[in-house]
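Working notes, structure below.
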Amino acid sequence: MSLNNIFDVAGSGMNAQSVRLNTTASNIANAETASSSTDQVYRARHPVFEASFNNMLGHSKSGLNPQDETAGVAVRGIVESDAPLQPRYEPDHPMANEDGYVYYPNVNVVEEMTNMISASRSFQMNVDVMNSAKQMMQRVLSIGQ
């Protein structure tokens, strides 16, 4: 794998973890958002990732040179969680329905904080990979001087 491919892989990882951090932050920000109906309640969102392995030079799959390949991760989309919502009996709440229930999102704050820590560390690891590749390129260039 060439250094340019390493930049591509680390860049796709940083992009994926950035999306993961943003969706996690959105989930945490909306964790206590109340609603009077299940149709209007915020639902936790999670990104869907897919490993990608692309042939950069357009060769057929049978005669590939590993140097011509790049791998990475692609964000396929963001899906809503199907975990059950949290109905709470709070008849004095301004958002309570006629039965006295208020509906809260299906966000587990502890799980979201764990996701945030994991995504942050993964992002940092990709930054470290890019910095290492950059240092290697600088060393190679200095050899020729």
Side-chain angles (χ1 to χ4, degrees), residues 1-140:
M1 181 179 278
S2 72
L3 288 176
N4 285 333
N5 290 356
I6 291 172
F7 284 120
D8 291 341
V9 171
S12 73
M14 289 171 62
N15 180 55
Q17 296 309 321
S18 179
V19 169
R20 185 175 170 201
L21 281 167
N22 286 334
T23 56
T24 300
S26 178
N27 289 342
I28 292 171
N30 289 291
E32 291 297 318
T33 305
S35 179
S36 59
S37 77
T38 58
D39 296 337
Q40 297 174 352
V41 178
Y42 178 86
R43 286 170 169 73
R45 292 168 171 81
H46 303 286
V48 177
F49 299 129
E50 178 182 70
S52 62
F53 193 67
N54 302 317
N55 182 349
M56 295 178 63
L57 298 179
H59 293 120
S60 68
K61 289 284 182 197
S62 59
L64 293 179
N65 178 355
Q67 295 281 330
D68 298 338
E69 296 289 326
T70 185
V73 62
V75 179
R76 287 321 238 168
I78 297 174
V79 297
E80 288 186 346
S81 172
D82 58 357
L85 300 173
Q86 301 175 27
R88 297 181 196 163
Y89 184 69
E90 298 176 357
D92 295 332
H93 194 285
M95 295 295 291
N97 64 11
E98 57 276 350
D99 297 326
Y101 283 95
V102 179
Y103 296 94
Y104 288 90
N106 54 0
V107 175
N108 180 336
V109 176
V110 173
E111 182 180 312
E112 296 300 330
M113 289 302 294
T114 304
N115 280 337
M116 185 171 282
I117 291 167
S118 175
S120 177
R121 288 184 179 165
S122 295
F123 186 92
Q124 184 59 47
M125 291 304 295
N126 282 299
V127 169
D128 292 345
V129 167
M130 288 190 102
N131 285 336
S132 295
K134 179 180 153 188
Q135 288 173 357
M136 283 188 264
M137 286 183 104
Q138 288 173 338
R139 287 181 189 149
V140 167

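Worth knowing before you read on, the calculation uses all heavy atoms, side chains too, and leaves out hydrogens, waters and symmetry mates.
- Here the CG-OG1 distance, from N115 to T24, works out to 5.0 Å after rounding to the nearest 0.5 Å.
- Between N22 atom CG and R20 atom CZ the span is 12.5 Å, to the nearest 0.5 Å.
- Scanning all heavy atoms of the two residues, the minimum distance from A16 to V73 falls at CB-CG1, 3.5 Å.
- When all heavy atoms are compared, the tightest approach of M130 to A10 is CG-CB, 3.3 Å.
- Contact between A31 and P105 at its shortest, heavy atoms only, is O-CD, 3.5 Å.
- Side-chain atoms of S122 come within 3.5 Å of backbone atoms of S118 as a donor-acceptor pair (strictly under, hydrogens ignored).
- In this structure, the side chain of N27 engages the main chain of R45 through a donor-acceptor pair within 3.5 Å.
- Although no hydrogens or angles enter the test, the distance criterion places no donor-acceptor pair under 3.5 Å between the side chain of S81 and the main chain of R43.
- Taking 4.5 Å as the limit, some side-chain heavy atom of M116 sits within range of a side-chain heavy atom of L21.
- Environment of CZ in R88: crowded, with over 12 heavy atoms of neighbouring residues, nucleotides or ligands closer than 6.0 Å.
- In summary, the side chains of R121 and Q124 do not present any donor paired with an acceptor at a separation below 3.5 Å, with no hydrogens or angles considered.
- Counting non-hydrogen atoms of other residues, nucleotides and ligands closer than 6.0 Å to OH of Y101 gives a total of 12 or fewer.
- For the atom pair OG of S12 and CD of Q17, the computed distance is 10.0 Å after rounding to the nearest 0.5 Å.
- S132 places a side-chain N or O within donor-acceptor distance of the main-chain N or O of D128, the cut-off being under 3.5 Å.
- Side-chain atoms of S18 do not come within 3.5 Å of backbone N or O of M14 as any donor-acceptor pair.
- Between M113 and I28, the closest side-chain pair of non-hydrogen atoms falls below 4.5 Å.
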Would you check, one step at a time, whether the test side-chain contact (heavy atoms from CB on, under 4.5 Å) holds for E32 with V107?
-> CA-CA 9 Å; E32 291 297 318; V107 175; over 6 Å; no
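- Between Y103 and P87, the closest heavy-atom pair is CE2-CB, 3.5 Å.
- For the atom pair CE (M136) and CZ (R139), the distance works out to 8.0 Å, reported to the nearest 0.5 Å.
- Not one N or O on the side chain of Q86 forms a donor-acceptor pair closer than 3.5 Å with the backbone of N106.
- The shortest heavy-atom contact between V19 and I78 is CG1-CD1, 4.3 Å.
- A side chain to side chain donor-acceptor pair (under 3.5 Å) check over residues 90-100, counting only residues at least two apart or in different chains, returns the pairs E90-Y104.
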